*Asks:* 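Input: one structure, supplied below.
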Amino acid sequence: MRRKHLVGVVVVIFLTWNLLMYYMLVSKNPGKIGGVSVKDQLRNLQGDIERQLSHNSELLQQLRKFRENERAEKLDEEIRRTTTPRPIRAEDTIIPILLIACDRTTVSRSLDLLIKYNPNKKRFPIIVSQDCGHKPTADVIQRYVGEYGIQHIKHPNTSEIPLPWPQKKFQGYYKLSRHYKWALNQVFHTFNYSAVIIVEDDLDISPDFYEYFSATFPVLHQDPSLWCVSAWNDNGKVGMVSEEADLLYRTDFFPGLGWMMERSMWIEIGPKWPEAFWDDWMRHPDQRKGRACIRPEICRTSTFGKKGVSKGLFYEKHLKFIKLNDKFVPFTKTDLSYLSKEKYDPYFAKLVEDTPEVSVAEAMSGRRSNMKALKILYSTKEEFKSTAKKLGIMDDFKAGVPRVAYKGVVSFMYKGQRIYLTPPPNWTGYDVKWS
Ligand SMILES: *[C@@H]1O[C@H](CO)[C@@H](O)[C@H](O)[C@H]1NC(C)=O
Ligand SMILES: *[C@@H]1O[C@H](CO)[C@@H](O)[C@H](O)[C@H]1NC(C)=O
Ligand SMILES: *[C@@H]1O[C@H](CO)[C@@H](O)[C@H](O)[C@H]1NC(C)=O
């Protein structure tokens, strides 16, 4: 029984060994197992892996492309943001106040009001440009630098300007013009602002000075037939203006005395800026090119200075009677689009046309005082001057344009009545020979 068992075990071991040997031989000597060769399997596997790899690299490429696109978009956006000028939103444009100063310590009076009424010193930064190197004036200005953060710049060139004898007495005008040029170059080319409001060191301003310029800026910006906004009405004396503080006009006369212009204007006129008498030069057709300014019925500036290059006698006779507006008009909340040329011109022409015409004598007699407005015609320079003298308005011309005129029409108040001093209907334009 034991022997039989042993033989069985040996047989089983023998068979098992044979079986093992068979499998070992088969695997060492590759052939076919189950119908598919290992080579084929391997080839399949390799194919699979290659397909997977190429798919992966495709995915990778797509991912890369996507990220590149994303980056390009970001770059585009960055370029757009930094290089394209954004459309000007009026309330965003920074408009510095350039105060032209020299040797008057009373510049503090101007500065006090400019600071008092300033609604936002980031939007309306104040720059004082000082000529003349006058130390006491510099000290006064310097106080405001520390206390209010205004900017004080000094014209580096205070040298005498060599002039032949007949012009010598105009030295002041030459220096003023040179200073303006330098200061405006600083504003537009060094500080790179897109607009400016220019005042001098002898001006008071009205409470709505900033409001006025803020609201008229978009009108100026959008209308190429406008080249400035001025705070000044040359006929703005007490008794010669109405109570309509919100009333604004277009004028062909460049008024100055607190005025705003855009950078594009300086780029145009700066390079040919004159050596002297810059304001009359501005009024010449070569510069004005038919363009108009906006001006108010009631002045938003008035001058208190007597000492100045031109203003001594003129001050006593005229400037000190100018009415400075004292009411705040919320101009930014009113629609000023009526000041654009296409709206204003037909409106103004009709207004004048519909006004009854009278003689000067009749207007002065008061017989037509029941009428809201009257029209007086002038056909010649002499007629204009004589009528202007009788009614108390400015009677001079600059480059043929009467002060405050628009299309030849001068609007003012006479004894509480609106008067339009008007050229005849066949009028074709200003005559530069009228002076
Ligand atoms: C200063 O102004 C004068 C006259 O306008 C000019 O001749 C001169 O070159 C200027 N000097 C400097 C340093 O700019
Ligand atoms: C000045 O500002 C304009 C945008 O108003 C800008 O395009 C220009 O690059 C600026 N120049 C300098 C010198 O900063
Ligand atoms: C314009 O009309 C006036 C009369 O109203 C006349 O005296 C004048 O000669 C005319 N001028 C022109 C240029 O036609």
Side-chain angles (χ1 to χ4, degrees), residues 96-107 110-111 125-142 144-145 150-203 227-228 230 254-289 303 305-314 398-399:
I97 314 298
L98 176 65
L99 198 169
I100 299 288
C102 172
D103 58 359
R104 289 186 282 208
T105 54
T106 50
V107 63
S110 296
L111 271 172
I126 297 169
I127 303 167
V128 182
S129 181
Q130 194 198 353
D131 199 4
C132 315
H134 189 243
K135 177 81 164 59
T137 303
D139 290 345
V140 168
I141 298 165
Q142 208 55 39
Y144 291 84
V145 174
I150 69 149
Q151 202 175 343
H152 184 190
I153 56 177
K154 292 177 184 168
H155 187 201
N157 192 351
T158 55
S159 69
E160 287 297 298
I161 299 168
L163 293 170
W165 171 75
Q167 261 106 51
K168 242 190 163 53
K169 60 178 179 293
F170 299 130
Q171 177 82 219
Y173 292 97
Y174 280 81
K175 284 190 173 174
L176 192 62
S177 201
R178 181 175 68 177
H179 182 197
Y180 261 80
K181 180 168 187 167
W182 178 82
L184 285 166
N185 275 334
Q186 292 294 299
V187 166
F188 289 119
H189 298 314
T190 306
F191 306 139
N192 204 24
Y193 287 115
S194 40
V196 71
I197 298 168
I198 302 156
V199 291
E200 291 193 13
D201 60 353
D202 61 345
L203 289 183
W227 70 327
C228 95
S230 170
F254 172 75
L257 285 152
W259 58 287
M260 170 167 68
M261 74 167 154
E262 286 195 278
R263 172 202 184 78
S264 54
M265 190 51 56
W266 183 246
I267 287 167
E268 177 188 321
I269 63 176
K272 54 175 183 168
W273 194 249
E275 289 192 313
F277 311 110
W278 66 268
D279 45 356
D280 283 347
W281 173 85
M282 292 269 291
R283 291 166 182 143
H284 193 275
D286 286 353
Q287 277 64 248
R288 190 169 74 82
K289 298 190 167 139
T303 164
K306 291 188 182 192
K307 203 178 106 191
V309 286
S310 65
K311 295 181 189 134
L313 200 71
F314 195 46
K398 301 283 186 181

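One is the number of the first residue; the rest follow in order along the sequence. Note that the structure is a prediction, hence the values are computed from the model and not measured. Every number for a ligand or one of its atoms is a count from 1 in the order of the listing.
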*Asks:* Check whether any side-chain N or O of Arg178 sits under 3.5 Å from a backbone N or O of Asn157 as a donor-acceptor pair, and report yes or no.
*Replies:* yes
*Asks:* Would you please classify the geometry between the Phe254 ring and the Trp259 ring as parallel, tilted or perpendicular, with 30° and 60° separating the classes?
*Replies:* perpendicular
*Asks:* Give me the one residue out of Phe277, Trp281, Tyr180 that meets ring-ring contact (aromatic ring centres under 6.0 Å, His included) with Tyr173.
*Replies:* Phe277
*Asks:* For Gln171 and Ile161, indicate whether the former's side chain and the latter's backbone hold a donor-acceptor pair under 3.5 Å.
*Replies:* yes
*Asks:* Keeping the roles fixed (side chain from Thr105, backbone from Pro136), state whether a donor-acceptor pair exists under 3.5 Å.
*Replies:* no
*Asks:* Between ligand 1 and the protein, give all atom pairs where both partners are nitrogen or oxygen and the distance is under 3.5 Å, as lines of names plus distance to 0.1 Å.
*Replies:*
unit_1: ligand 1; atom_1: 2 (O); unit_2: Asn157; atom_2: ND2; d: 2.4
unit_1: ligand 1; atom_1: 2 (O); unit_2: Arg178; atom_2: NH1; d: 2.8
unit_1: ligand 1; atom_1: 5 (O); unit_2: Arg178; atom_2: NH1; d: 3.4
unit_1: ligand 1; atom_1: 11 (N); unit_2: Asn157; atom_2: ND2; d: 2.8
unit_1: ligand 1; atom_1: 14 (O); unit_2: Asn157; atom_2: ND2; d: 3.4

*Asks:* Without swapping roles, check the side chain of Ser194 against the backbone of Arg263 for a donor-acceptor pair under 3.5 Å.
*Replies:* no
